[in-house]
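Notes follow once the structure below has been shown.
All residue numbers refer to positions in the sequence shown, counting from 1.
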Amino acid sequence: MSQILHPQCNHLNPSGYTVSVESIYNNYMPLSWNEIRDRATAFSREWKDETSEDAEAKSFWDAFFNIFGISRRRIATFETPVIKSDGHGGFIDLLWKGKLVVEHKSRGRDLDRAFQQAKDYFHGLEDRDLPQYVLVSDFARFRLYDLDRDETHEFALKDLPKNIRLFGFIAGYQTRSFGQQDPVNIQAAEKLGQLHDLLKDAGYRGHPLELFLVRVLFCLFAEDNAIFEPQQFREWIEQRTAQDGSDLGPALAHLFQVLNTPEDARAKNLDEHLAAFRYINGKLFLETIPLTSLDRRMREMILDCSSLDWSSISPAIFGALFQSIMDKVARRNLGAHYTSETNILKALQPLFLDSLHAEFQRVRRDSKRLIAFHEKLGNIRILDPACGCGNFLVIAYRELRLLELEVLRALYNSQDQHLDVSQIVNVDVDQFYGIELEEFPAQIAQVALWMTDHQMNQKVSEEFGQYFARLPLKKSPNITHGNALTLDWATIIAPKDLSYIVGNPPFIGKKEQTAQQKSEVLALFSGTKGSGVLDYVCCWYLAAVDYMATNRSIRTAFVSTNSITQGEQVGVLWPGLLQRGVSIEFAHRPFQWTNEAKGMAAVHCVIVGFSLSNQNEKQLYEYETIRSRPNAVTATHINPYLVDAVDAFIVRRTWPICADAPEMNYGSMPIDNGWLILSDNERRELLQEEPHARPYIRRYMGGEEFLNGIDRYCLWLVDIDPAMLRQLPRVSVRVAGNRKYRLSSDRQTTRNLARTPTLFGEIRQPNSTYLFVPKVSSELRRYLPIGFNKPSIIASGTALIVKEATKFHFGVLSSLMHSAWMRTVCGRMKSDYQYSAGIVYNNFPWPEPTPKQRAAIETAAQAVLDERARHPDSTLADLYDPLSMPPGLVKAHQTLDRAVDAAYGRTNFRTEAERVAFLFTLYERLTSLFPTEKKPARRGTRRRTT
């Protein structure tokens, strides 16, 4: 293709004539690997006996680049002058800006010294011109340094054909593994973010800005992925626009127009650099947007962006990073806003990838069935109704293409020179559908799928040795910009044509929802009692079930907040779904939704895969801890709590379901705006001035104080004589402040409390020792830390108390059995467990021990208390931290667990999920005896749980 400079290499140009540089650029088409390998063989043969004269070096490297069908003079220069690190001048033998430095020596010279000499030149290069590769040679040997990967490859000239794929970066072929937190993705997003800010500050905003950035992104990707010629976009900017950037805006507008125009429809006198760009189509460049005014700094920023290796960009995660550049706050934590591929695959694999791979293994040796399977892959249709930047769709598409590549390997001979790979690839981007509320992510999703398509086409090219690219773009992803909760999904794709629904709908709890979002929840769940408590993600479940009703073969999987499978939401969301035929086919129990970004918010999620056609085999993915790897177990039935147990709904109860269980209540609530509460310093200051107030100051304890040993106090004036109160002016000031606060309240009940300003608003303090249960506890703890308190310690409203508790009750509530129940059915405060009397405690199935078993539990419970007492300087938070829990306390709890298990009649629980399934069986038995809640019969009197 390029002019042959070495006289003995003319056979490398089969046509036997010299092709002009302009012609090369205008008709750029990467060679196949088969062609490149043949050319490398001819090159090594022709140069094996050449002289070692340095004068031959230029011919050597021109011929070397010609192996790849690339004109060296278009991308690289000889003898580039630079200032070295020692301050002296020097000349780089060959420089391809931002990609490659070549240092050539005479035959037999020291290549280590050549490499050091090449590195010395780095000092004189702009940052964006620093190379990714250094290649040193002495005619007979090559040594390639991959600086990004810190890898070195050395081989003799005769072995060049065997190692030619190392130079895929020259031809536009590069095989990269995309890490979850690959720095190049972060760098690319940051640089585009800076460009975004410059343009926005200059007054270029909204839709035009977003579309402009997406188009620039595509051009950057194209020149590093064999869509454009290497560095074609960068070179055009450098050579055809002014350094001050004044003409770059109109020039880019012209380029975008050219990219949307077929070659045969372009002006005959079009600038040769513009005419050299390929026709892209795909409607990406169709819309005319307002011209933008760019300056020197903006031009430099685009050139800096072009210096990155965009072949290393992962479309699966870059889209979300790119979206985050629109928000400066989000950009401070770049990397925390995308979903890791590992987590995406947790949904995709059990939904359809695992079954497809299994089917492929069954049919791979039967060509007729394999051809039918290949056709099946091309007919799969996938919808993500909350697609964002398309990361679920991108991974799904990539995985289907990789599976298809395995099929093609089995069906076709990669050495078949007559095979046209463009006719055998069935899977395409138009099989993928998405709905996205915001316009910018919707545009990114479409481009990300095109980028993935091209990367997969390159894999096909590598496999079959011939260049394959779908250009111009003829098919497009079906990404719809709109509200998935108000759109009719059937207008996007008919249910009869859809195979799967998958996605990660918004994680928005009831308190964080906007007025618009709340109205959408209420509209979709109209007639459902208690729908106001539902998370926003629940809407997608109902919308999916509505859509699936006319095609019950559709399978769906959503990543969701774990709250929809715990606490009060279960009884609101799931009964209606189950009545409509929903069957949970697979599920990941709660785990931490992570990527490897620093500062990432901890979000606890579940994945629920469901359909309207009950499948026999179900998979439940369990986690030993929320950060563990999942373990797949076969289940017979998965209920809404994601347990292999019967369907049951934990309803809020006023009384314990088991008659012999004592009541649980809230602690006392001051309703005082802080007037009756004292810090440790405030207590000391008060007693210094009014020592007679000491009898009226009590320890005041909520969950935080209980767990972390924090000293806090309150004024407990239940029995104070009025004359004594008047002798305590500082106490009186606080009482007066409380009265004033209550009188100013909008609530009548609070204003009524102003009549007794010395007292807490709600008093439930026991007169004897009681069991203290913190309402909120860390999700890291294996056991729920609880304990006995003296009646002199006032329990606050952030605590739950059991007045009639014994060591038996302490032992059962401290056991793994009860902790497993709590983790399954309780609500959450952020990621922490939020214990409640109405949901957790009152529904807990207690054991019915024999006297001997009861005594064993009490003995083991005392041993737990004794072990705690052995560490007087440690708080309960210290003692129950999984990293610092004392071995003696661990052993005491294990003994207690065995005693409690024995009281339930089971001693062989393998997993926590088995424990919960067992408890659900007991719960079903108990609720069948009491279908409606009644006050259980037991000795003594009861008071209603608050």
Side-chain angles (χ1 to χ4, degrees), residues 5-6 9 36 39-68 70-73 75-86 88-171 173-174 230-231 307 309:
L5 297 180
H6 190 278
C9 291
I36 292 171
R39 287 173 170 234
T41 300
F43 175 89
S44 60
R45 186 184 306 124
E46 294 299 331
W47 281 92
K48 66 178 181 179
D49 297 322
E50 286 304 311
T51 66
S52 59
E53 296 298 325
D54 291 342
E56 296 290 338
K58 292 182 180 180
S59 298
F60 180 87
W61 290 109
D62 277 329
F64 179 82
F65 274 85
N66 189 66
I67 292 173
F68 306 94
I70 300 293
S71 169
R72 186 278 311 163
R73 66 181 62 186
I75 59 175
T77 57
F78 287 129
E79 298 179 350
T80 303
V82 293
I83 302 299
K84 298 188 295 183
S85 56
D86 61 5
H88 294 91
F91 294 88
I92 301 175
D93 286 349
L94 184 146
L95 172 64
W96 178 1
K97 291 182 178 180
K99 186 67 70 174
L100 175 69
V101 162
V102 173
E103 184 62 26
H104 193 92
K105 295 297 180 184
S106 299
R107 195 180 295 267
R109 299 291 293 273
D110 185 354
L111 295 187
D112 289 334
R113 184 177 178 184
F115 176 56
Q116 184 57 51
Q117 186 175 343
K119 289 197 299 182
D120 288 342
Y121 295 140
F122 290 5
H123 176 77
L125 295 175
E126 297 285 344
D127 285 349
R128 64 168 172 259
D129 294 336
L130 290 171
Q132 294 173 265
Y133 302 90
V134 171
L135 178 58
V136 295
S137 176
D138 67 346
F139 289 106
R141 294 172 295 160
F142 289 91
R143 186 186 294 170
L144 178 68
Y145 296 86
D146 185 332
L147 302 182
D148 284 353
R149 294 182 174 181
D150 194 22
E151 294 176 356
T152 304
H153 306 273
E154 184 169 357
F155 51 88
L157 171 65
K158 66 182 178 62
D159 294 323
L160 176 63
K162 298 178 184 178
N163 293 276
I164 197 64
R165 285 180 181 261
L166 293 173
F167 301 96
F169 64 90
I170 298 178
Y173 297 111
Q174 282 191 289
Q231 295 196 344
S307 69
D309 179 11

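Note that the OG1 atom of Thr41 and the CD1 atom of Ile36 stand 12.0 Å from one another [nearest 0.5 Å]. Atom CG of Leu94 and atom OG1 of Thr80 lie 7.5 Å apart (nearest 0.5 Å). Here the straight-line distance linking atom CD of Gln231 with atom CH2 of Trp96 works out to 6.5 Å at 0.5 Å rounding. Summarising the geometry, atom CD belonging to Glu103 is positioned 11.0 Å from atom OG belonging to Ser137; distances are rounded to the nearest 0.5 Å. To the nearest 0.5 Å, atom CG of residue Leu111 and atom CZ of residue Arg143 are 5.0 Å apart. Rounded to the nearest 0.5 Å, atoms CG (Asp62) and CG (Asn66) are 8.5 Å apart.
The shortest non-hydrogen separation linking Leu144 to Leu166 is CD2-O, 3.8 Å.
Using modelled atom types, no side-chain atom of Arg141 and backbone atom of Phe155 make a donor-acceptor pair closer than 3.5 Å. Without hydrogens or angle criteria, Asn163 side chain to Asp159 main chain gives a donor-acceptor distance under 3.5 Å.
Each of Leu100, Asp148, Asp146, Leu147 was evaluated against Gln132; a single residue qualifies, Asp148, per the side chain to side chain contact (heavy atoms under 4.5 Å, CB included) test.
Not less than 6.0 angstrom separates the ring centroid of Phe43 from the ring centroid of Phe68. Between Phe78 and Phe91, a ring centre-to-centre spacing not shorter than 6.0 Å is recorded.
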Problem set entry | Lys58 vs Asp93, salt bridge (charged side-chain N to carboxylate O under 4.0 Å, His left out): CA-CA, chis, key distance, verdict | CA-CA 9 Å; Lys58 292 182 180 180; Asp93 286 349; over 6 Å; no
Exercise. side-chain contact (heavy atoms from CB on, under 4.5 Å) between Phe167 and Ile67: does it pass, once the steps are laid out?
Worked result: CA-CA 10 Å; Phe167 301 96; Ile67 292 173; over 6 Å; no
For this session: Evaluate the criterion side-chain contact (heavy atoms from CB on, under 4.5 Å) for residue pair Val101 and Phe115; output intermediate values, then yes/no.
Result: CA-CA 10 Å; Val101 162; Phe115 176 56; over 6 Å; no
Exercise. Under the ring pair (Phe, Tyr, Trp, His ring centres under 6.0 Å) criterion, do Tyr133 and Tyr145 qualify, and how do the steps go?
Worked result: CA-CA 5 Å; Tyr133 302 90; Tyr145 296 86; over 10 Å; no
For this session: Start with the C-alpha gap between Asp120 and Gln116, add the side-chain angles, then the distance that decides, and say whether side chain to side chain donor-acceptor pair (under 3.5 Å) holds.
Result: CA-CA 6 Å; Asp120 288 342; Gln116 184 57 51; 3.2 Å; yes
For this session: Carefully, step by step, assess Ile92 and Val82 under the rule side-chain contact (heavy atoms from CB on, under 4.5 Å).
Result: CA-CA 7 Å; Ile92 301 175; Val82 293; 3.8 Å; yes
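Ring geometry for Phe139 versus His104: interplanar angle over 60°, hence perpendicular rather than tilted (30 to 60°). Between Phe60 and Phe142, the ring planes lie parallel to each other; the angle is under 30°, not in the 30° to 60° tilted range.
There is no side-chain donor-acceptor pair under 3.5 Å between Glu56 and Trp47.
Within 6.0 Å of CG on Asp150 lie no more than 12 heavy atoms contributed by other residues, nucleotides or ligands.
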Which donor-acceptor pairs under 3.5 Å do side chains of residues 123-131 form with protein atoms, sequence neighbours excluded?
unit_1, atom_1, unit_2, atom_2, d
Arg128, NH1, Glu300, OE1, 2.7
Arg128, NH1, Asp304, OD1, 2.9
Arg128, NH2, Glu300, OE1, 2.8
Arg128, NH2, Glu300, OE2, 3.4
Asp129, OD1, Arg234, NH2, 2.1

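Side-chain contact between Lys162 and Ile164 is absent, with no heavy-atom pair separated by less than 4.5 Å.
Salt bridge absent: Asp138 and Lys105 never bring a charged side-chain N and a carboxylate O closer than 4.0 Å.
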